[in-house]
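For reference, the structure discussed in these notes is given below.
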Amino acid sequence: MKYTNINVNKASRYSKSLCAIAISSAIFSGNIIAAEEEAVKKQGLERIEVTARKTTESLQEVPIAVTSVGAAELAENGIANITEIERFSPNTTLQASRGTNSTLTAFIRGIGQQDPLWGYEPGVGIYIDDVYMARPQGAVLDLLDVERIEVLRGPQGTLYGKNTTGGAIKYVTKPMSGDTEFNIEATVGSYNQRDLKITGQIPLIDEKLYLGFGHGTLNRDGFGEFLVAPAGEDTENYNKDLTASRLTLEYHATDNLFMRLAWDKTDDDSNSKGGYRLLPSLLAPDAAIPDSKFDSYTSLPTWNKVELEGLSLTIDWQATDNLSFKYVGASRESYSPTNIDFDNTSLQIFDVPAVYDDENSSHEIQASYRGNGFNIVGGLYHYSGESCGKYDAIIFLSLTAEKSGCNESDSVAAYIQSNIDLTDKMSLTLGARYTKEERKADVYSDTYASIVYPYDNWIDGYTQDPNLPQTQVLGKDSNGDGILDTMKSDEWSRFTPRIGIEYQADSDTMYFASYSQGFKSGTFNPRAGANENAADPEIVDSFEIGLKKDWTDNLRTNITAFATKHEDRQYIVVLPQENPTDLGQNLANAASSDVQGIEAEVTWLASENLTINMAYGHISADIEQDENINVPLVGLSNTPDNTFSVSANYLLETDMGIFMFNTGYYYRDEYIIFEDDDSLNQDGFGQVNASITWEGNDGNWYGGLHAKNITDEEYMVGGYNFTSRNPDGSYGPGFGGDTTLIGYYGDPRTIHLTVGYRF
């Protein structure tokens, strides 16, 4: 969080240079004026408004652990995408951790989802203006024109529903101003970074109807290269090639009735990411350990694609001074063919070309009422989605094990939550949600004594054996005679309550305590090798106590202690199989965990122009394993025991304009990538970042110079382990017959310069 002590005039001039919204989900309406939440200010600390409880409230009055990162702070730090938000929020992990640049791994307080395969459900919900983003593909959102990002830690099962057992991340965009605006912004930087963003808005009917538009192209060369790749393939590794467009139509029918229709489309043509071999290959003589963590080898094509498209409608009606209604409807679809070379060699030891195809729709009707001494919010929600895919696991240079299928989900829910004043200082929060979830799944599999791909021309000039006709029809095997491993359906329902007590000791001090429950849907294994039943839902019970206090006009602390019980954790359990092409990946409720922790966020206005921000998170976890499952679990994945950040912001007003100097340090303790194996272990590390932003006195020109990871730390964010362990602890060959121990790494040191002009 950031709270600035600049006066209103300074804030107004400075904020004109800022931009924000999620380019992957949307380039917003073109409203480039992004004030720092445009909050009501008092001398010293600022009032920050959030919508964590689906109504607009002061952050200091919301009795849950929330981090709010506003547009100003995003611009001051040169934040490029959602993964960088983790350094502002304690006990939070957001990483592009797999073989693509845009697949998100999200964990909060040790709860999330490691595997992005179709059919698996996330543990952290991503929302764009209250629209749920169901799949991790494409969820590494690049930022442009967002008003603020809210990170809600802990289960949000009452107001946000299933799959928010770890928490939720909300993008909140800003309505258009109604004026004619145009903004152009260009960025150049390390690795030949070259970005161009154009946004604007046009009033079609003054004070009534506005059209917003935006288009962005984000490009960067690779951090490394594929040292060996098929002939004719692009050899850049960790590159970026993304375009996004958006149109928004806003209608202010009356002072009390607002409507927004938004369309967005994103195309990410960045290459697939090649992993770093931590061990030399036993089978490929040209696959030694590379010198650079960003270099790799592959036998697959290097292209990758993520296509996202969505349409949403929001209607907000203030029926009376106390009663309001809101409708949010959305439809989204995505398509992603991808190449994942698990072994990262020039041989087809373990290659997986795959296709993901998803579509979903949602509808929510919400009512809010503010009464005398109480307020209440409630609603009805419906979600329907289908997630399909196909992959061909090419192994042993000549065999292909294929999986294909679909998971269908239909979810309905009703929720209500009320805050009731018991006395002048004490209030009670009561909430509940009822969710009913129905799921259907089919899984097909087949094995071929040859190399096959999901469809023809996957490799240029390659035509599949006519006896094995490949199609892009998902949910079926390649030649129609494969084994139907699973065709099942199941349903679950859950009542998830919330109860809390809040004590407002004075206007600057609030104590709170709460109990809440989260629910993650049961699901079927998309890799099923037999007629498996579904895994049961995950249930999270969380207890919190907290203090939010402004000690003086210049010092604020928000502190939360929590204890979480996470039951029936869903794991892929890998068991030995007689068939060497079958990984034996069974989905099971393999364990439960007890997690305790503390989170502290501090803002200190050291002087009129200097602000210091600190955030600290600590987690202690115990895992209790199911005694019937012989898979030892060693800890929580992607969850360091300690996270810490500190930053300083200094405002300087000159005849040339307003400058903001920002520098910060972010530390993550040691963590493991997978919970059942400590082979992929990242030692604790820290990052230093620095920025200078500027806005001219005329308010038209602005710019920023940003340096990230200045000390060039190397840190692992994902990986794969397909090895065996010898009695002496050394590594032997695993699935595919090779020592496949692979790591993916976070961005190296980068510097970029942004210049923008608006009128």
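Residue numbers count from 1 along this sequence. These values consider heavy atoms only, across backbone and side chains, with no hydrogens, waters or symmetry-generated copies.
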Please determine whether side chain to side chain donor-acceptor pair (under 3.5 Å) holds for the pair N638 and T93, giving the CA-CA distance in whole Å, both sets of side-chain angles, and the decisive distance to 0.1 Å.
CA-CA 7 Å; N638 298 279; T93 296; 6.0 Å; no
Give the intermediate values and the outcome of side chain to side chain contact (heavy atoms under 4.5 Å, CB included) for residues F722 and D343.
CA-CA 8 Å; F722 294 95; D343 60 281; over 6 Å; no
Given the rule in the side chain to side chain donor-acceptor pair (under 3.5 Å) test, do N239 and S270 qualify, once you have shown the distances and angles that lead to the verdict?
CA-CA 6 Å; N239 73 326; S270 310; 4.8 Å; no
Steps toward salt bridge (Lys or Arg N to Asp or Glu O under 4.0 Å) verdict (R277, D295)
CA-CA 9 Å; R277 286 197 64 91; D295 286 347; over 6 Å; no
Check step by step if side chain to side chain contact (heavy atoms under 4.5 Å, CB included) holds for Y453 and I459.
CA-CA 9 Å; Y453 295 91; I459 296 178; 3.1 Å; yes
Show, in sequence, the C-alpha distance, side-chain angles and deciding distance for S296 and N344, and conclude whether the side chain to side chain donor-acceptor pair (under 3.5 Å) test is met.
CA-CA 6 Å; S296 188; N344 293 114; 3.1 Å; yes
With side chain to side chain contact (heavy atoms under 4.5 Å, CB included) as the test, would you mind laying out the steps for L104 and T83 before giving the verdict?
CA-CA 8 Å; L104 180 68; T83 62; 4.2 Å; yes
Stepwise, does the side chain to side chain contact (heavy atoms under 4.5 Å, CB included) test hold for M133 with L308?
CA-CA 11 Å; M133 191 169 185; L308 304 172; 4.2 Å; yes
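In this structure, the side chain of D341 engages the main chain of S299 through a donor-acceptor pair within 3.5 Å. Listed for the D738 side chain is a donor-acceptor partner under 3.5 Å among the backbone atoms of L282. Listed for the N726 side chain is no donor-acceptor partner under 3.5 Å among the backbone atoms of D728. One N or O on the side chain of E675 and one on the backbone of S637 form a donor-acceptor pair closer than 3.5 Å. Without hydrogens or angle criteria, N589 side chain to D568 main chain gives a donor-acceptor distance under 3.5 Å.
Qualifying salt bridge (Lys or Arg N to Asp or Glu O under 4.0 Å) partners for K440, counting only residues two or more places apart in sequence or in other chains: none. Taking F519 as the reference, nothing meets the ring-ring contact (aromatic ring centres under 6.0 Å, His included) condition, with sequence neighbours excluded. Under the ring-ring contact (aromatic ring centres under 6.0 Å, His included) criterion, Y191 pairs with F223, not counting sequence neighbours. Considering only residues two or more places apart in sequence or on other chains, E86 meets the salt bridge (Lys or Arg N to Asp or Glu O under 4.0 Å) condition with R668. Applying the salt bridge (Lys or Arg N to Asp or Glu O under 4.0 Å) criterion to D268, with sequence neighbours excluded, gives no partner residue. Shown here are the ring-ring contact (aromatic ring centres under 6.0 Å, His included) partners of F107, two or more places apart in sequence or in another chain: there are none.
For the pair I126 and I82, the minimum side-chain heavy-atom distance is below 4.5 Å. You'll find the side chain of S409 reaches within 4.5 Å of the side chain of K162, heavy atoms only. Residues D677 and I672 fail the side-chain proximity criterion, which asks for heavy atoms closer than 4.5 Å. Between L242 and V306, every side-chain heavy-atom pair lies at or beyond the 4.5 Å cut-off.
The minimum heavy-atom distance between T435 and S411, with the atom names listed, is CG2-OG, 3.7 Å. For the residue pair G274 and Y744, the shortest heavy atom distance occurs at C-CE2, 3.7 Å. What you find for G746 and V717 is that their closest heavy atoms are N-CG1, 3.9 Å. Nearest heavy-atom pair, E236 versus D221, reported as atom, atom and distance to 0.1 Å: OE2-CA, 2.9 Å. Counting all heavy atoms, side chain and backbone alike, G737 lies closest to L283 at O-CD1, 3.5 Å. In terms of heavy atoms, W118 sits closest to P526 at O-CG, 3.0 Å.
Using a 3.5 Å distance cut-off with no hydrogens or angles, the side chains of Y120 and N525 do pair a donor with an acceptor. For the residue pair N304 / T338, a side-chain donor-acceptor distance below 3.5 Å is found, with atom types taken as modelled. Defined by atom type and a distance below 3.5 Å, a donor-acceptor pair is present between the side-chain atoms of S679 and R725. Between E309 and W263, the side chains place a donor N or O and an acceptor N or O closer than 3.5 Å (distance only, hydrogens not considered). A donor atom on one side chain and an acceptor atom on the other are found under 3.5 Å apart for S346 and D286. Defined by atom type and a distance below 3.5 Å, a donor-acceptor pair is missing between the side-chain atoms of N339 and S272.
Between the CG atom of N407 and the OG1 atom of T523 there is a distance of 4.5 Å, given to the nearest 0.5 Å. The distance from the NZ atom of K403 to the OG atom of S445 is 4.0 Å, given to the nearest 0.5 Å. Annotation: the span from W492 atom CH2 to D536 atom CG amounts to 8.0 Å, rounded to 0.5 Å. Distance OG/S281 to CG/L741: 12.5 Å, rounded to 0.5 Å. Note: R194 CZ to N219 CG = 5.0 Å, rounded to the nearest 0.5 Å. To the nearest 0.5 Å, atom CD of residue E121 and atom CD of residue E538 are 10.5 Å apart.
Y127 and Y132 have tilted rings, their planes meeting at an angle from 30° to 60° on a 0 to 90° scale. Taking the six-membered ring where tryptophan is involved, the planes of F685 and Y715 are essentially parallel, since the angle between them stays under 30° and well short of 60°. The aromatic rings of F350 and F735 lie perpendicular to each other, with more than 60° between the two planes, well past the 30° mark.
Results of the ring pair (Phe, Tyr, Trp, His ring centres under 6.0 Å) test with Y238 over Y745, Y276, F294 single out F294 as the only residue that passes. The only member of T639, T165, V124, T164 that meets side-chain contact (heavy atoms from CB on, under 4.5 Å) when paired with I108 is V124.
Within 6.0 Å of CG in D291 there are 12 or fewer heavy atoms belonging to other residues, nucleotides or ligands. The environment of CD in E670 is crowded: more than 12 heavy-atom neighbours from other residues, nucleotides or ligands sit within 6.0 Å.
A salt bridge between D241 and K305 is absent, with no side-chain N of the basic residue lying under 4.0 Å from a carboxylate O of the acidic one.
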